[in-house]
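The structure appears right after this line, and notes come after that.
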Number of protein chains: 2
Amino acid sequence: MFISLDLQSESPIYLQLRNKIIEGIASKQLKPGDPLPSVRNLAKDLGVNMHTINKAYQLLKTDGFIQIHRQKGVVINPDGFPEVTADFVEKIKEELRPMLAEAICRGMTQEEVRRLCDNLYKEIAEGGAAE
Amino acid sequence: MFISLDLQSESPIYLQLRNKIIEGIASKQLKPGDPLPSVRNLAKDLGVNMHTINKAYQLLKTDGFIQIHRQKGVVINPDGFPEVTADFVEKIKEELRPMLAEAICRGMTQEEVRRLCDNLYKEIAEGGAAE
DNA sequence: TAACTGTTCTATAATTAATATAACAGATAT
DNA sequence: ATATCTGTTATATTAATTATAGAACAGTTA
């Protein structure tokens with residue numbers, strides 16, 4: 001999978017990387033069991049520091065999206081992915097709230113919001129756009 | 001309108017405040033022309049620094065949600081609010097993308113996402129929850 | 001005149017993000 | 001065995017962001 005980072009973004013590099021991999025899983029470009037590059041190799045490829053890669057990997061490991069075998073390497077979790085927990089729903093709602101509030105202020109209808117989400121959902125699932 | 005901040009949150013205070021005011025507008029607790037407290041008074045009420053309040057106000061002014069009259073004070077923009085611009089749609093999509101991707105990884109269906117958004121939209125518009 | 005507005009300036013402290021080296025333990029290939 | 005690769009850990013430094021503090025300014029308003 002090809003990964004591009006925006007070094008000018010206000011979003012931290014390690015978070016961008018974490019999100020790109022999540023998107024890779026969502027679009028099935030990355031499947032359970034697939035290997036990921038070593039922290040050093042990916043760091044070299046992307047032109048960033050090893051620890052930045054490691055930070056992203058640690059996040060993904062903690063959340064259960066990848067497994068890290070100490071000497072074998074890193075793989076997309078072969079045992080499946082975390083469920084839709086109450087914590088996750090709470091997190092997504094609190095992140096979504098400010099966006100939705102601004103959308104309402106700007107006059108977006110519920111129908112328009114629904115269409116935007118629907119389209120984005122499909123776009124992600126098909127691995128499209130922003131690449 | 002009553003405003004509460006979470007000083008333990010990882011989200012900056014000035015952003016929390018900016019978002020609370022946006023949510024106040026979305027729920028019509030704050031209407032065009034309504035006055036907002038002076039930076040000094042609000043700072044005292046919330047127990048934070050004047051400059052932190054000012055930073056939030058400047059954001060809201062730049063985006064067109066409030067007007068700041070140099071000696072009169074701060075009011076919710078009486079001339080209406082910004083439109084749904086292409087920039088805004090782009091911004092909301094890029095913020096939404098990682099959340100939706102993770103939701104997909106966790107097995108949320110499009111229908112479940114739609115329900116979550118619908119419910120949150122209504123909740124915000126009615127000024128409910130998280131208060 | 002006194003008290004209030006937003007604004008601007010300078011300064012400081014704490015935290016976060018990213019980088020740079022270096023070393024370690026364990027596995028693997030030559 | 002030796003060299004090379006894995007993730008991990010430790011220390012250190014730099015830069016940017018966040019929040020605070022105090023002071024001053026220009027222009028109302030009471």
Side-chain angles (χ1 to χ4, degrees), chain A residues 3-22 30 33-79 95 98, chain B residues 3-21 30 33-79 94-95 98:
Chain A
I3 289 178
S4 67
L5 300 175
D6 178 6
L7 301 183
Q8 310 304 319
S9 168
E10 58 181 6
S11 174
I13 297 175
Y14 75 95
L15 249 190
Q16 287 184 53
L17 177 58
R18 182 261 187 198
N19 289 337
K20 290 281 186 184
I21 292 173
I22 297 262
L30 295 174
D34 281 0
L36 288 178
S38 73
V39 287
R40 287 177 177 84
N41 276 341
L42 189 51
K44 198 203 283 179
D45 285 357
L46 297 178
V48 300
N49 192 273
M50 181 196 72
H51 296 99
T52 306
I53 308 292
N54 191 243
K55 194 165 179 179
Y57 278 3
Q58 289 302 323
L59 279 185
L60 290 163
K61 173 188 163 190
T62 298
D63 288 340
F65 290 104
I66 66 176
Q67 281 183 3
I68 302 181
H69 301 92
R70 179 142 190 144
Q71 272 76 27
K72 293 182 191 172
V74 182
V75 295
I76 304 297
N77 195 340
D79 305 331
E95 287 181 29
Chain B
I3 290 179
S4 67
L5 300 175
D6 179 5
L7 301 182
Q8 310 303 319
S9 168
E10 57 181 7
S11 173
I13 298 174
Y14 76 95
L15 247 190
Q16 286 184 54
L17 177 57
R18 181 260 188 200
N19 288 336
K20 290 279 186 185
I21 291 173
L30 295 174
D34 282 359
L36 289 179
S38 73
V39 288
R40 287 177 177 83
N41 276 340
L42 190 50
K44 198 203 284 179
D45 285 356
L46 297 179
V48 300
N49 192 272
M50 181 197 73
H51 297 99
T52 306
I53 308 292
N54 191 245
K55 193 164 178 178
Y57 278 3
Q58 290 302 325
L59 278 185
L60 289 163
K61 174 187 164 193
T62 299
D63 287 341
F65 291 104
I66 66 176
Q67 281 183 3
I68 302 180
H69 301 91
R70 178 141 191 145
Q71 272 78 29
K72 292 181 191 172
V74 182
V75 295
I76 304 296
N77 195 339
D79 305 330
E94 289 322 302
E95 287 182 27

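Being a predicted model, the structure only gives us computed values, none of them experimental. Proteins come first, then strands; the chains are lettered A, B, ... in the order of their sequence lines, and each starts at number 1.
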query = Quick one: does A:V48's side chain get under 4.5 Å of A:Y14's, heavy atoms only?
reply = no
message = Contact between A:L46 and A:T52 at the side-chain level, heavy atoms closer than 4.5 Å - yes or no?
response = no
Would one find a side-chain N or O of [X] under 4.0 angstrom from OP1 or OP2 of [N]?
X	N	value
B:N49	D:dA19	no
A:N54	D:dT8	yes
A:K61	D:dT8	yes
B:Y14	D:dT18	yes
B:K55	D:dT18	yes

Rounding to an integer number of Å, can you tell me how far [X] [atom1] sits from [N] [atom2]?
X	N	atom1	atom2	value
B:E10	C:dA14	CD	C1'	16 Å
B:R18	D:dT18	CZ	C1'	17 Å
B:R70	C:dC4	CZ	C1'	13 Å
B:Q8	C:dT15	CD	P	12 Å
B:K44	C:dG6	NZ	P	13 Å
A:L17	C:dA18	CG	P	11 Å
B:N41	C:dA3	CG	C1'	12 Å
B:L42	D:dT20	CG	P	12 Å

request  = Without swapping roles, check the side chain of A:D34 against the backbone of A:I76 for a donor-acceptor pair under 3.5 Å.
outcome  = no
key: Expected output: side-chain B:D63 to main-chain B:F65 donor-acceptor under 3.5 Å   = no
request  = Would you mind classifying the nucleic acid contact of A:Q16 as base, sugar-phosphate or nothing, using non-hydrogen atoms under 4.0 angstrom?
outcome  = nothing
ask   = Contact class for B:Y57 (heavy atom, under 4.0 Å): base, sugar-phosphate, or nothing?
value = nothing
Check every atom of [options] against the side chain of [X] and return the nucleotide holding the closest atom.
X	options	answer
B:M50	C:dT8, D:dG7, C:dG6	C:dT8
A:I68	D:dT20, D:dA26, D:dG7	D:dG7
B:H51	C:dT7, D:dT9, C:dT8	C:dT8
A:V48	D:dT20, D:dC25, C:dT19	C:dT19

query = Can you find an N or O donor on one side and an acceptor on the other, under 3.5 Å apart, linking the side chain of B:R40 with the base of C:dT7?
reply = yes
inquiry  = Which heavy atom of B:I68 sits nearest to which heavy atom of B:K61, and what is that distance?
reply    = CD1-CD, 3.7 Å
message = A:L5 vs A:I3, test: side-chain contact (heavy atoms from CB on, under 4.5 Å). Steps then yes/no.
response = CA-CA 7 Å; A:L5 300 175; A:I3 289 178; 4.3 Å; yes
key: Closest-nucleotide ordering on DNA chain C, the 5'-leading residue of A:L7 and A:K72   = A:L7
inquiry  = If you assign A:Q58 and B:T52 each to the DNA chain D nucleotide with the nearest heavy atom, which residue ends up on the more 5' nucleotide?
reply    = A:Q58
